Amino acid sequence: MRGILLDRVTGDLQVQVKRDANGLITSGLVIGNTDYQNMNLIIQAQKGEFKEFPTLGFGIDNYLKAPEMTKQIFENDLEIELKSGGYSNAKVTVGDTLLQFSIDLK
């Protein structure tokens with residue numbers, strides 16, 4: 001998916017100002033593939049943070065703080081949230097810990 005990119009560290013809009021011969025701004029916002037940032041936002045957001053979609057949000061903090069959390073529950077819940085966010089082909093795999101997970105977009 002293409003859209004306006006955010007800075008990976010700060011979350012601010014990425015801006016690269018381009019000017020014409022007269023010094024007028026012709027473009028500024030950086031456009032590119034937004035799949036990574038969209039999934040990152042879904043993973044970090046708690047339910048209710050997306051006002052247009054109040055049920056969307058994985059809330060990874062809650063999963064990392066839960067001592068009884070299993071890899072299978074984590075994988076299933078994350079896949080469900082990504083699918084509800086438009087990534088119906090997302091496959092989540094957890095490594096040795098919950099912090100070591102990968103998402104495959106086939």
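Residue numbers count from 1 along this sequence. Here the structure is a predicted model, which means the values were calculated and not measured.
Applying the salt bridge (Lys or Arg N to Asp or Glu O under 4.0 Å) rule to Lys71 yields no partners; only residues at least two apart in sequence or on another chain are considered. With sequence neighbours excluded, no residue forms a salt bridge (Lys or Arg N to Asp or Glu O under 4.0 Å) with Lys83. Taking Tyr36 as the reference, nothing meets the side-chain hydrogen bond (donor to acceptor under 3.5 Å, both in side chains) condition, with sequence neighbours excluded. Contacts of Asp96 classified as side-chain hydrogen bond (donor to acceptor under 3.5 Å, both in side chains), with partners at least two apart in sequence or in another chain: none. With sequence neighbours excluded, no residue satisfies side-chain hydrogen bond (donor to acceptor under 3.5 Å, both in side chains) with Gln16.
Contact annotation: the side chain of Met39 approaches that of Leu105 to within less than 4.5 Å [non-hydrogen atoms, C-beta and beyond]. Side-chain contact between Met1 and Asn38: present, with at least one pair of heavy atoms (C-beta onward) separated by less than 4.5 Å. With a 4.5 Å cut-off on side-chain heavy atoms, Leu29 and Val15 count as touching. Contact of the Leu5 side chain with the Gln37 side chain is registered, since non-hydrogen atoms from C-beta on lie closer than 4.5 Å. Within the 4.5 Å cutoff, the side chain of Ile4 has heavy atoms near those of the Leu13 side chain. Counting heavy atoms from C-beta on, the side chains of Leu24 and Arg19 never come closer than 4.5 Å. Looking at Val92 and Leu82, their side chains come closer than 4.5 Å, going by heavy atoms from C-beta outward. For the pair Asn33/Arg2, no side-chain contact is recorded, criterion being any heavy-atom separation below 4.5 Å from C-beta on.
For the atom pair Gln44 CD and Glu49 CD, the distance stands at 9.0 Å (nearest 0.5 Å). Rounding to the nearest 0.5 Å places CG of Leu98 at 9.0 Å from CD of Glu75. Considering CG of Asp77 and CD1 of Ile60, their distance stands at 11.5 Å, rounded to 0.5 Å.
A single hydrophobic cluster is seen to contain both Val94 and Leu99, as judged by linkage of ILVMFWY side chains at heavy-atom distances under 4.5 Å, directly or through other members. No continuous path of hydrophobic side-chain contacts links Ile42 to Ile80 [ILVMFWY only; heavy atoms under 4.5 Å].
For Gln46 and Asn62, the side-chain atoms include at least one donor-acceptor pair closer than 3.5 Å.
When all heavy atoms of Ser84 and Leu56 are compared, the closest pair comes out as OG-CD1, 3.4 Å. Closest approach of Ala90 to Ile103, counting heavy atoms only: CB-CG2, 4.1 Å.
For residues 75-101, the ring pair (Phe, Tyr, Trp, His ring centres under 6.0 Å) pairs, not counting sequence neighbours, are Phe74-Phe101.
Of the possible polar contacts, one joining the Asn89 side chain to the Lys106 backbone as a donor-acceptor pair under 3.5 Å is found.
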query: Are Phe50 and Leu41 close enough, and set up right, to give a side chain to side chain contact (heavy atoms under 4.5 Å, CB included), and what steps lead you there?
result: CA-CA 10 Å; Phe50 294 109; Leu41 292 169; 4.1 Å; yes
